[in-house]
Number of protein chains: 2
Amino acid sequence: MKTLVEPTLNLPEPNAHNHQQCVHDALKTAEHLCSERGVQLTSIRHQVLELIWESHKAVKAYELLDRIKPLQNAAKPATIYRALDFLIAQGLVHRVESLNAFVGCRCSGHQHEQLLLICKQCEEVEERTAGKVMQALAEEFRQAGFTAHSKAVEVHGLCRRCAGLGEA
Amino acid sequence: MKTLVEPTLNLPEPNAHNHQQCVHDALKTAEHLCSERGVQLTSIRHQVLELIWESHKAVKAYELLDRIKPLQNAAKPATIYRALDFLIAQGLVHRVESLNAFVGCRCSGHQHEQLLLICKQCEEVEERTAGKVMQALAEEFRQAGFTAHSKAVEVHGLCRRCAGLGEA
DNA sequence: AAGCGGATGATATAATATAGCCCATAACCA
DNA sequence: TGGTTATGGGCTATATTATATCATCCGCTT
């Protein structure tokens, strides 16, 4: 299986962190989880996950398709959507509803419902556990007599860095 | 301008309320707001709004298109999307991101960010102000240094009635 | 070898949304 | 009066996102 990494070359890497490490951890975690669960993190699925983790931006399905073609010549939309379905089912990827796009999940395997902070400027998505928010939601559900199955809390705005640059 | 109402005939109207009154109020409110704001609630926009309010379910753009054709023979996708853009900008309609669908807004003209409770069974959307949730969100934003521009809090699950029926 | 299930290949098409150009109307102003 | 602009909307085309369906392959079990 070919690999994709090509250490992000000289892309301006926005948030100060060791992204290679970050990707590496995410992939290792995914491998362990799938192995534990007895599900197959196949070559295609692994490649899609790797592509998603190339940045912390939400990425579109057809963008993934274009980018996987050099590696999987036969790739078609269904190829990507099937891989995404799997990755989402395993909690390895979030679907960002408001963008029709996908982002790597940092809390893979945990059950936390997440808050996604989506920066309009740099397009990066920050994931937060936001316990208080989820508690307050739970109380709303109780009052409304609503049985929640899935929560999508997506907020668009400016991240700290981009807001800071705007002011400067 | 033709009208659409045809008093919901014998559709099983789920939630116990006077829906005709409900629609009437929504339309009147919309008319007043647009007039106050000096924007045009044109015939097409009014018809689209009326169609959206036919139920409390989220409705798809192309469903609206099909349903408006008897009245607006020339209607094309852009006809609907333009009307929707307007109605959303005026806060008269919510876009439900997780469904790519649209629902009438009950708090038109107010600035409240809303919580949308979307029932998987009856497909109705309940809108709640959820002050505590929004407060908790605000606190998260502060911690994250995030400047929020739009919040979409959409939850899928079962409404009180449908959950009740399930148990029964 | 036969049969099974999961993953993928291959083709087609459905569903959702926007771009771009033109024209009609109304409001405003020189 | 005539020019100019802004807004709404018709029309054609096309972009983008997503799924359905059937065939094939591969590893595993019997």
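Per chain, numbering begins at 1; letters A, B, ... match sequence-line order.
Between B/Glu126 and B/Leu116 there is no side-chain heavy-atom pair separated by less than 4.5 Å. Considering only heavy atoms from C-beta on, B/Ser150 stays 4.5 Å or farther from A/Glu154 through its side chain.
With a cutoff of under 4.0 Å to any heavy atom of chain B, the contacted region of DNA chain D is bounded 5' to 3' by D/dT7 to D/dT12.
Looking only at atom types and distance, the side chain of B/Glu127 has a donor-acceptor partner in the side chain of B/His94 under 3.5 Å away. With 3.5 Å as the limit, one finds a donor-acceptor pair spanning the side chains of A/Gln90 and A/Arg37.
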- prompt: Which nucleotides of nucleotides 5-19 of chain C have their base under 4.0 Å from a protein heavy atom (B), which only their sugar-phosphate (S), and which neither (-), written as one string 5' to 3'?
  reply: -SSBBBB----BBB-

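One finds no salt bridge joining B/Glu139 and A/Lys132 here, because no Lys/Arg side-chain nitrogen approaches an Asp/Glu carboxylate oxygen to under 4.0 Å.
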Show me the side-chain donor-acceptor pairs of residues 74-88 of chain A shorter than 3.5 Å, one per line, residues at least two apart or across chains.
residue	atom	partner	partner atom	Å
A/Lys76	NZ	A/Ala74	O	3.3
A/Thr79	OG1	A/Lys76	N	2.8
A/Thr79	OG1	A/Lys76	O	3.0

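Aromatic pair B/His56/B/His17: centroids less than 6.0 angstrom apart.
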